[in-house]
Amino acid sequence: MSTLQQIEKILKSDFEKLLFKASLKNLEDENNILRYHNFCYSIRELSRHFLNSLSPEELIFNCPWFKVESENGKPTRSQKVKYAIQGGLTDKLLEELGFNIKELKTTIKELKTTIDSLSKYTHINSENFMLTEKQIKTNSDKVLKTFESFVNTIIDYKETLKNFLDGKIEEHMIDTILCNSYENIDSLAPHYSLEFGEVNAYHIEEITNTEIIVNVYGDLHITLEYGSRSERVNNDGLDINESFPFETQVRYEISNKFPSDDYVVEEFDVDTSKWYCNNISNEELDK
């Protein structure tokens, strides 16, 4: 995949995609001696908008690690990069969990240098004012690769952190998931019992300033119980063993420990559609 295709793939909003296309259009304006500089300026602005979309200032202000480091009181670029990767999680907590904080800080510093380097390309001086076609092509490719590296490093490093945290929640998350009632199943039988549950997959979806959101997928193995109490005493009841896939989210509040004791399990989406499909098919066969 080319650099242009990579960038188009990772841009989020329609605005960012339009700005990127407009940036490239600058390079096509061969009658404008400033076309390279206009291109560089547009890409720098694109990087600013992209970082702001990942790190809204109002959310950074609420992070426990935030402190004023700029003259205007707003988050610095380094703090925006920090939020884009680790949300509201503090360095202290990550270090206690065993995450490589030294490497994380180095990565944030390097990303700050990368985004700053995009600004230098916008400067106009005698050395870069009269560029040849070949120089424009070489330099613009370098700008695009710099932007691509900046974005991909943030995305990849955040995914590394998510994978690391995944390994810290499995037991707690499974116990949490299985201590629930399931509305979809309630409608299938007068009573049911949960034999066991399986979590087949889970992954941290997002790390915000206040919570860590985990997507969970699995199967519930259920015994559906039919018949009144007297019928079941006389062995006239019916037990049917079934399994149903489910998906849900667990939202852990960000605190000074992980996983936090403060969490919410979203209402289960248990897929019971196969039960109805099987029953309809059986009824048709009985006709």
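The figures that follow rest on heavy atoms only: side chains count, while hydrogens, waters and symmetry mates do not.
In this structure, the side chains of T146 and V143 stay at 4.5 Å or more apart for every pair of heavy atoms. Between L19 and S23, the closest side-chain pair of non-hydrogen atoms falls below 4.5 Å. Proximity of L11 to L46: side-chain heavy atoms (C-beta onward) are separated by under 4.5 Å at one or more points. Using a 4.5 Å cut-off on side-chain heavy atoms (C-beta onward), L165 and L97 make contact. For the pair F39/Y121, no side-chain contact is recorded, criterion being any heavy-atom separation below 4.5 Å from C-beta on. For the pair W65 and I60, the minimum side-chain heavy-atom distance is below 4.5 Å. I254 places a side-chain heavy atom less than 4.5 Å from the side chain of I212. Side chains of T107 and T153 form a contact here, defined as non-hydrogen atoms less than 4.5 Å apart.
In terms of heavy atoms, S47 sits closest to F150 at O-CE2, 4.3 Å. Of all heavy-atom pairs spanning Y202 and I169, the tightest one is CE1-CG1, 3.9 Å. The two residues G73 and F61 make their nearest non-hydrogen contact at O-CE2, 3.4 Å. Closest approach of S53 and P56 over heavy atoms only: O-CD, 4.1 Å. K80 and P75 get closest at one heavy-atom pair: CE-O, 4.0 Å. The shortest heavy-atom contact between I43 and L144 is CD1-CD2, 4.1 Å.
T3 and K145 share a side-chain donor-acceptor pair at under 3.5 Å.
Note: Y217 OH to N200 CG = 11.5 Å, rounded to the nearest 0.5 Å. A distance of 5.0 Å separates NZ in K74 from CD in E57, rounded to the nearest 0.5 Å. Separation of atoms CZ (F246) and CG (D219) is listed at 7.5 Å; rounding is to 0.5 Å. Rounded to the nearest 0.5 Å, atoms CD1 (I222) and CD (E242) are 10.0 Å apart. Taking OG1 from T90 and CZ from F66, the interatomic distance works out to 15.5 Å, rounded to the nearest 0.5 Å. Between the CG atom in L51 and the CZ atom in R77 there is a gap of 9.0 Å [rounded to 0.5 Å].
In this structure a side-chain-to-backbone donor-acceptor pair under 3.5 Å is missing from Q135 to L131. Within the 3.5 Å criterion, the main-chain N or O of K67 finds a donor-acceptor partner in the side chain of Q79.
Between F147 and F50, the two ring planes are perpendicular [angle over 60°; tilted spans 30° to 60°].
R251 and E205 are not joined by a salt bridge, as no carboxylate oxygen comes within less than 4.0 angstrom of a charged side-chain nitrogen. Checked for salt-bridge contact, K162 and D166 miss the test: no charged N lies under 4.0 Å from a carboxylate O. A salt bridge links R35 to E133: one of the charged nitrogens lies within less than 4.0 Å of a carboxylate oxygen. Under a 4.0 Å N-O distance rule, the pair K25/E28 qualifies as a salt bridge.
Listed by chain and residue number, K82, Q86 satisfy the side chain to side chain donor-acceptor pair (under 3.5 Å) test with D91 (two or more places apart in sequence, or in another chain). Applying the side chain to side chain contact (heavy atoms under 4.5 Å, CB included) criterion to S126, with sequence neighbours excluded, gives no partner residue. With sequence neighbours left out, the side chain to side chain donor-acceptor pair (under 3.5 Å) criterion links N241 to T223. Every side chain to side chain donor-acceptor pair (under 3.5 Å) that Y252 has, sequence neighbours left out, goes to H172. Applying the side chain to side chain donor-acceptor pair (under 3.5 Å) test to T114 and every residue at least two apart in sequence or in another chain returns nothing.
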_Intermediate values then yes/no, salt bridge (charged side-chain N to carboxylate O under 4.0 Å, His left out), K120 and D116_ = CA-CA 7 Å; K120 76 177 182 181; D116 286 346; over 6 Å; no
*Output, in order, the C-alpha distance, side-chain angles, deciding distance and verdict of side-chain contact (heavy atoms from CB on, under 4.5 Å) for L54 and K12.*
CA-CA 10 Å; L54 296 178; K12 293 179 174 296; 3.4 Å; yes
_Derivation and outcome, side-chain contact (heavy atoms from CB on, under 4.5 Å), residues K168 and F164_ = CA-CA 7 Å; K168 302 292 181 180; F164 172 82; 3.6 Å; yes
*Show your reasoning for whether side-chain contact (heavy atoms from CB on, under 4.5 Å) applies to S42 and N26.*
CA-CA 9 Å; S42 300; N26 284 309; 3.4 Å; yes
*asked:* With side-chain contact (heavy atoms from CB on, under 4.5 Å) as the criterion, how do M130 and I33 come out once you've worked through the C-alpha distance, each side chain's angles and the decisive distance to 0.1 Å?
replied: CA-CA 7 Å; M130 298 290 290; I33 200 171; 3.0 Å; yes
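Counting non-hydrogen atoms of neighbouring residues, nucleotides and ligands closer than 6.0 angstrom, the CG atom of D14 reaches no more than 12 such neighbours. No more than 12 heavy-atom neighbours from other residues, nucleotides or ligands sit within 6.0 angstrom of NZ on K92.
Of the candidates T106, I108, N100, I108 is the only one forming a side chain to side chain contact (heavy atoms under 4.5 Å, CB included) with L104.
Note on residues 44-56: pairs passing salt bridge (Lys or Arg N to Asp or Glu O under 4.0 Å), not counting sequence neighbours, are E45-R48.
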